[in-house]
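What follows is a short report on a single structure.
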Amino acid sequence: MSAFDPVTVILLVPLVTAAILALISDYHWGARLNVAATFVAFVSACFLFAARPEPGDYIVIDDLNIVFIVLSTFVGFTTSIFSASYIAHEVEAGKLTPTHLRFYHAMYQVLMFAMNLALIANNIGLMWVAIEIATLTTVMMVGIYRTHEALEAAWKYFILGSVGIGLALFGTILVYMAARPVVGEGSDGMVWTVLAGQAQHFDPALLNLAFVFLLLGYGTKVGLAPLHAWLPDAHAEGPTPISAVLSGLLLNVALYALLRFKILLAANPAAIAPGPLMVALGLLSLTFAAYMLYRRRDIKRLFAYSSIEHMGIIVFAFGMGGPLANFAGLLHMTMHSLTKSAIFFSVGHVSQVKGTQKISDIGGLTVTHPWLGWGLVVGVVAIAGLPPLGIFTSEFLLVTSTFARQPLLAIPLVAGILVALGALFLRLGNVAFGEPRGPVAPAKASYVPMFLHLALVLTAGIYLPAPMVAWFQSVAKLLG
Amino acid sequence: MTPTMPQTIAMTGGFVFDVAHLLAGGLVLVSLMMLYQRRLYALLNVFALHALVLTFSVAWQAYIQDAPHLYITAAIALVFKAIVIPLALHRMIVQLGIHREIETAGGVGLTMLLGMGLVALSTVIMLKVTSEADPLAREDLAFALSVVLLGLLVMVTRRNAVSQVVGFMSLENGLVLAATGAKGMPFVVEISVAFSILIAFIVIGIFLFRIRERFDTVDVQALDRFRGEMS
C-alpha cells in the first residue's frame, strides 16, 4: 500500500522539484523539469480515481475535491508546456534573465504544491496556510518583471490579498469557536470531516458570523465584486502563464475553500442560508464586470474582468443551490478553468508577437496568425457562452433552473451574460478580424495546450460522459 | 490536548478575567491611539506599544490556559513585532526620507468617530452572537474584532505604504488575540509564524520598491500614476 501513495506524490514532487529548480541555472532544463514534474503530479492525481486514501487528520480525498485536484494538476501541466515556449521568447526579448527564471520555475512548483495542499487539506487551518502560501508565491510572480506597473500590481494584490486572508482566518477561528463546545478542544475542532459530521449541533449564530468573514475573506481571493480590485492588475502585469494559473486555478481553489464552509452551514438547519448572500455578491460581480468589459483597452485586463464575471456566475449558481444549479456551478467551474487558461495561452503568444497588450494595436489575427487567431476566436465564443461549447451547457442549465425557481433573479443573470457577450464580441472583432495591425512576425508558439483545452471544452459541450454526470450529481447533492 | 484548570479558574475567576480584559481592552485602546497619530515615528512607537500589549495578553492567556506553546507566540510578538519590525521600519523611514507628516484621508475627528463606531459595532455583534460561548472567550473575541476593524480603518485612512503596513500589522495582532483566546485552538503558533513571514515579506517589499526601483516616494497614490490604464 505504501509503495505508491498518490497524495504523497502530488505534494512531495512539487516541493522537491522546487528545491531542484532553485539550483538549476540553465532555464531550458528548468522548463523541461517543470513540465516533467507537473506531468508526474497529474498522472498520480489520476490514480486517485482508482483508490482513495481514508480521510486522516490532515488529508481528505472525497467526491468534492477529487476532480478539482485532477483539474488543477492538469491545467498546471498544460500551463507549464505553454510557459516553456512563453519564457523562451521573454528571454530573447530581454524581459527576463535566467536568474529570474530560476526563481520563476521554483515558485511555479511551490504554487502547485500550495494549491494541491489547499485542495487536499482536511484541516481548515492547514487549508488557510496553504492558500496563504499560494497568495505569496503569486504575488512574487506577478511582480517578476519589476516594472512600475508590475510592482504596483503586486503591491495591490499583496495588501488586498493579505487583508482577505486575515478576514478568512478570523472566520476560521470563529468556526473553531462554534465547534469547540460540541467537538471538544484541540485539533479535532479544525478537522473538516469531523466538523461536517457534527455541524448540526454547532451554535448557529457563531457559524453565521464565521461565514460572513469567510465569504469576505476568501471572496477577496475569488475576486468578487467589491473586493476584486487586485485581480485585473495582477492578471495584466504578471507573466501570462501566471494569469492562466490565477484565473484557471487559484480562483477555483479559493472558491473551493468557500464551498467547504458552505457545506458546514448547509448541514446546520438553524444557521442562515448562505444562498442569498452568495446570490447577491455573484450578481453584483457579474453585472459590474459585464459593464466594465466595455471600457477595457488592454487585452489581458479584458479577460481578467471576464474571470470576475464568470466567478460571479459560479457564486450565483452555488448561492441558488439545489441539485440543478449546483451541477451547473460545478460544470461551470471546470469549463471556465479550461477555457480561460486556453484563452490566456493564445493571448500570451499574441501579445508577445505584437509587442503590446493594447487592443487597439492588435488586429487581423485570423489572417496573420491563423492558429492563434482562430484559437482565440473559439476560446472567446466558448467563454461568451455560445453553443456547442461546454460553458453554454452550464449557463443554459443555470438560467433554466433559475427561471423555474426565481424568475426575477434570472433577469439580471441573463442581462449580465448578454452584456458581457456583446463586449467580448466587440473586442474580438477588433482583434481577430479586419485589417492586420502590429507586427506580423510568425509566432513560435506551442499550440497543443490551447487546442487540448478547447477540445475538452467542446467535447463536454456535446457529450458529457456518464461517470462525470454521476459525479457532478453526487457532489451537487452534497452541496445542498 | 490542553488540560483545563476548572478549580483554579473558579477560585480566581474574577482576577483572571479582569487581567485578560484589561490587556485585551488595552489593545483596543492602543489601536484607537493609532488613528490620530500624524507622524510616522509616532505611529511606529504606538505600534511597538501595541505589540507589547499583545505580548502580555498572549502570555497571560498562555498562563491561564496552561498552554506553554502560546509563550512562543508571545515571544514572536515581543521580539519580532515590538522590536525588530519597528526598528527596521524606523531606519527605512529615515533612509527613504519620509519622516514627515502623514496625510490622513479624513480628518482626525471623523476617523476617531468612525473608530468608536466600529468598536461599538463589533461589541454589539459579538456579544449578541456568542451568548452561548464561555464569557472569557466571547469578550476576547469582541475585543479582537474591534482591533481587526480598527486595523482596517488605519489601512483605509492612510495613503502612505509604511503606515498601511502598520495598519495591517495591527489587524494581524487582532487575529492573534482572537486565536489565542480560542482555547485549545491548534496551529496558533504556526499561524503566527506564517504571519510573521508575510509581514517580513511586506517590509522587504517596501524596501525593494524603493531601493531597486528608485521610486521618488512610497506613496501608494503616486504609484497609481504608473498604471497602464485609466478606469
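Note on naming: letters A, B, ... go to the chains in the order of the sequence lines (proteins, then strands), and numbering restarts at 1 for each one.
Between A:Arg180 and B:Ala182, the shortest heavy-atom distance links the atoms NH1-C, 4.2 Å.
Within 6.0 Å of atom CZ in B:Phe80, more than 12 heavy atoms from other residues, nucleotides or ligands are found, so the atom counts as buried in its surroundings. Other residues, nucleotides and ligands place no more than 12 heavy atoms under 6.0 Å from the OH atom of A:Tyr291.
Rounded to the nearest 0.5 angstrom, A:Ile159 CD1 and B:Gln164 CD are separated by 5.5 Å. In this structure, CD in A:Glu132 is found 9.0 Å from CD1 in B:Ile191, a value given to the nearest 0.5 Å. Residue A:Ser162 holds its OG atom at 12.0 Å from CE of B:Met169, rounded to the nearest 0.5 Å. Here B:Glu172 contributes atom CD and A:Ile165 contributes atom CD1; the two are 12.5 Å apart, rounded to the nearest 0.5 Å.
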List the steps and the verdict of side-chain contact (heavy atoms from CB on, under 4.5 Å) for B:Ile125 and A:Leu209. CA-CA 9 Å; B:Ile125 291 179; A:Leu209 192 64; 3.7 Å; yes

Given side-chain contact (heavy atoms from CB on, under 4.5 Å), test A:Leu167 with B:Val148 step by step and report yes or no. CA-CA 8 Å; A:Leu167 293 180; B:Val148 168; 4.2 Å; yes

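Only the side chain of A:Leu174 comes within contact range of chain B, with heavy atoms under 4.5 Å apart. Interface residue B:Leu152: only side-chain heavy atoms are found under 4.5 Å from chain A. Heavy atoms of A:Asp188 lying under 4.5 Å from chain B are absent altogether. Using a 4.5 Å cut-off between heavy atoms, B:Val165 contacts chain A through its side chain alone, with no backbone atom that close.
Inter-residue side-chain proximity for B:Leu141 and A:Met177 is flagged as met; some heavy-atom pair is nearer than 4.5 Å.
Identified under the ring pair (Phe, Tyr, Trp, His ring centres under 6.0 Å) test for residues 161-183 of chain A, with sequence neighbours left out: A:Phe170-A:Phe213.
Ranked by non-hydrogen atom pairs under 4.5 Å with chain B, the options A:Val129, A:Val163, A:Val139 are led by A:Val163. Between chain B and the residues A:Ile133, A:Asn208, A:Asn123, the most heavy-atom pairs under 4.5 angstrom are made by A:Asn123.
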